[in-house]
Amino acid sequence: MANKGPSYGMSRDVQSRIEKKYDEELEPRLVQWIKLQGGSEVGEPPEPGRYGFQQWLKNGVVLSKLINSLYPKGSPPVKIPEPPPSMVFKQMEQVAQFLKASEDYGVAKTDIFQTVDLYEGKDLAAVQRTIVALGSIAVTKNDGQYQGDPSWFMKKAQEHKRDFSDDKLKQGKHVIGLQMGSNQGASQAGMTGYGRPRQIIS
C-alpha cells in the first residue's frame, strides 16, 4: 500500500466501512476470469486476499491486458510498456488508460473506480465493481471476444427499438389509451344524489 499514516476517529470508521464492502468470495472468480481472458500474459495469480489482489493490479498492466483482450487482435486500445512501469506516476497513468478504455468500451462512469482507489487501496470494492461491469458488457456484446463462463456476469438490459410506419403513427393518434380511462357506456341513469337535501328553515 502507499506510504500513508494510519487513520483515526471518523476517517478510520469510514475506511473500515469501505473495506467491509470488499467481497472476498467474488475475488477468486474475478481472478479466474482475468486469467482466462488475458491468458498467460497476465502472469501468475495473486496471493488470496485484498492486499494480493491490489498488488497484482496496482501497476495497471494486468488491467490493460484485460481490456485489450476484449478487442479484436491488432486493435488494442491501451499501449503496454515493456518493461512494466516502475515509477509511481507511470503506474497510475497506466491505470488511468485502462479506465478510459473501459469507459469507451461501455462501462458507465458510475461503475468506474478512481485511480487512488486501487493504487492506495482506498476502495478495492470499487475496483471489483468496475471489473464486474466490464465482464457484464463483454457478455452482453457477445462478439466472440469474451472468454470464460457467461454465467459469471449478468447480461446488461439491451435497448429494443421499434420502427413504426407513418400510417401506424397516424392511426395511433385516434386511439384513446387505456391509461386515459374510458367513457364507453357511461351514463348517469339510476344515479341518485347522496345524503339528504339541505334543509332551509325560515
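Along the sequence shown, residues carry numbers from 1.
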Check whether any side-chain heavy atom of M92 lies under 4.5 Å from a side-chain heavy atom of V116, and answer yes or no.
-> yes
Any side-chain heavy atom of Q54 sitting closer than 4.5 Å to one from V127?
no
Where the side chain of E120 meets the backbone of T115, is there a donor-acceptor pair that is under 3.5 Å apart? no
Is any side-chain heavy atom of W152 closer than 4.5 Å to a side-chain heavy atom of Q32? yes
Report yes if the side chains of D143 and L70 come closer than 4.5 Å at any heavy-atom pair, otherwise no.
no
Taken to the nearest 0.5 Å, the spacing of R50 CZ from E24 CD works out to 8.0 Å
Side-chain donor or acceptor of S75 paired with backbone N/O of Y71 under 3.5 Å: no
- Without swapping roles, check the side chain of K65 against the backbone of G39 for a donor-acceptor pair under 3.5 Å. no
Check the hydrophobic clustering (I, L, V, M, F, W, Y; side-chain heavy atoms under 4.5 Å; chains of links allowed) and say if L124 and V42 are grouped together.
yes
Quiz item: side chain to side chain contact (heavy atoms under 4.5 Å, CB included) between Q128 and F53: does it pass, once the steps are laid out?
Solution: CA-CA 10 Å; Q128 287 183 321; F53 189 68; 4.1 Å; yes
Taking the side chain as everything from C-beta on, heavy atoms only, tell me whether Q145 gets closer than 4.5 Å to S69.
no
Smallest heavy-atom separation, G52 atom then P46 atom, equals O-CB, 3.3 Å
For E27, does the CD atom sit with more than 12 other heavy atoms under 6.0 Å from it, leaving out its own atoms? yes
Worksheet entry | Cluster link V61 to L36, ILVMFWY, side chain under 4.5 Å | no
Practice task
Would you indicate whether the side-chain heavy atoms of E103 and V107 approach each other to under 4.5 Å?
Solution key: no
Going hydrophobic residue to hydrophobic residue with side-chain gaps under 4.5 angstrom, can you get from I80 over to I67?
no
Nearest heavy-atom contact between L118 and V95 is CD2-CG2, 4.1 Å
**Derivation and outcome, side chain to side chain contact (heavy atoms under 4.5 Å, CB included), residues Y22 and D123** = CA-CA 8 Å; Y22 182 79; D123 190 356; over 6 Å; no
Q) Is any side-chain heavy atom of W56 closer than 4.5 Å to a side-chain heavy atom of Y51? A) no
Here the gap from R29 atom CZ to I34 atom CD1, rounded to the nearest 0.5 Å, amounts to 11.5 Å
Practice item. Determine, stepwise, if the pair K100 / V78 fulfils side chain to side chain contact (heavy atoms under 4.5 Å, CB included). Key: CA-CA 9 Å; K100 169 76 171 67; V78 179; over 6 Å; no
Closest non-hydrogen contact found for G43 with K35 is O-NZ, 2.7 Å
### Task
Measure from NZ or CZ of K122 to the centre of the six-membered ring of F113 and say whether it is under 6.0 Å with the direction within 45° of the ring axis.
no
Under the side chain to side chain donor-acceptor pair (under 3.5 Å) criterion, do Q97 and S64 qualify, and how do the steps go? CA-CA 8 Å; Q97 283 184 52; S64 298; over 6 Å; no
* Mark yes or no for whether S136, through its side chain, and M154, through its backbone, hold a donor-acceptor pair below 3.5 Å. => yes
Take I137 and F153 through the test side chain to side chain contact (heavy atoms under 4.5 Å, CB included) and record every step on the way to the result.
CA-CA 9 Å; I137 290 165; F153 301 104; over 6 Å; no
Sidechain-backbone polar pair: D117 side chain, Q114 backbone, donor-acceptor under 3.5 Å: yes
Listed pairs under 3.5 Å, donor-acceptor, residues 83-91 side chains, sequence neighbours left out:
{"residue": "Q91", "atom": "OE1", "partner": "Y119", "partner atom": "OH", "Å": "2.8"}
{"residue": "Q91", "atom": "NE2", "partner": "P85", "partner atom": "O", "Å": "3.0"}

Checking N68, L63, I112 against F98 for side-chain contact (heavy atoms from CB on, under 4.5 Å), the one that qualifies is L63
Between Q37 and Q147, is there a donor-acceptor pair closer than 3.5 Å when you use the side chain of the first and the backbone of the second? yes
